Amino acid sequence: MGYSETFKALNDPVRRQILTMLKKGRMSAGDISKTFSMTQATVSYHLKLLKEADLVFEEKEKNFIYYSLNASVIEEVMLWLADLKGDGKNGQN
């Protein structure tokens, strides 16, 4: 996982909303699409970028694809940001 892909994926409000939805549990691509007033192809594009950034897992069951949140990548980014910020000791920020 590269941070550039992660931040690119997190930059879009639709993708952030999808991640928030997936926080509650896995969802099918169709159920995710129903939330937005855009084509299924556009939602699929957003899901593709989230998957490429390792922010979501994809699981195929019969004729459906289910997506779930990959919290470990979110935690890794948060740890990196916290380390970047520093703890403010020794005159460092």
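Model, not experiment: these values are computed from the prediction.
L47 and A29 make their closest contact through CD1-CB, 4.1 Å (heavy atoms, listed as atom of the first residue, atom of the second, distance). Across all non-hydrogen atoms, the minimal contact from Q40 to G30 is NE2-CA, 4.0 Å. Closest non-hydrogen pair, L22 versus I32, comes out as CD2-CD1, 4.1 Å.
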Does V43 form a side-chain contact (heavy atoms from CB on, under 4.5 Å) with M38? I'd like the steps, not just the answer.
CA-CA 7 Å; V43 173; M38 58 183 73; 3.6 Å; yes
Please report the C-alpha distance between I18 and L50 in whole Å, then the side-chain angles of each, then the deciding distance to 0.1 Å, and finally whether the side-chain contact (heavy atoms from CB on, under 4.5 Å) criterion is met.
CA-CA 9 Å; I18 291 171; L50 289 170; 3.7 Å; yes
Would L49 and R15 satisfy side-chain contact (heavy atoms from CB on, under 4.5 Å), going step by step from the backbone distance to the final call?
CA-CA 9 Å; L49 290 179; R15 292 191 284 272; 3.3 Å; yes
Derivation and outcome, salt bridge (charged side-chain N to carboxylate O under 4.0 Å, His left out), residues K51 and E5
CA-CA 10 Å; K51 185 179 163 201; E5 292 89 1; over 6 Å; no
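Judged by distance alone, the side chain of T20 and the main-chain N or O of R16 form a donor-acceptor pair under 3.5 Å. Here the side chain of N70 pairs a donor or acceptor atom with the backbone of D54 at under 3.5 angstrom.
Residues Y67 and E58 bring a donor and an acceptor atom of their side chains to less than 3.5 Å of each other.
In this structure, CG in L69 is found 8.5 Å from CZ in F57, a value given to the nearest 0.5 Å. Atom CE of M27 and atom OG of S33 lie 9.0 Å apart (nearest 0.5 Å). In this structure, Y45 OH and T39 OG1 are separated by 12.5 Å, a value rounded to the nearest 0.5 Å. Here the NE2-CD distance, from H46 to Q17, works out to 10.5 Å after rounding to the nearest 0.5 Å.
Residue F7 places its CZ atom among more than 12 non-hydrogen atoms of other residues, nucleotides or ligands, all under 6.0 Å distant. Counting heavy atoms of neighbouring residues, nucleotides and ligands inside a 6.0 Å radius, atom CZ of F64 does not exceed 12 of them.
Tracing side-chain contacts under 4.5 Å through hydrophobic residues (I, L, V, M, F, W, Y), one reaches I65 starting from F36; they form part of the same cluster.
Among the candidates I74, L81, L79, the single residue satisfying the side chain to side chain contact (heavy atoms under 4.5 Å, CB included) test with V77 is L81.
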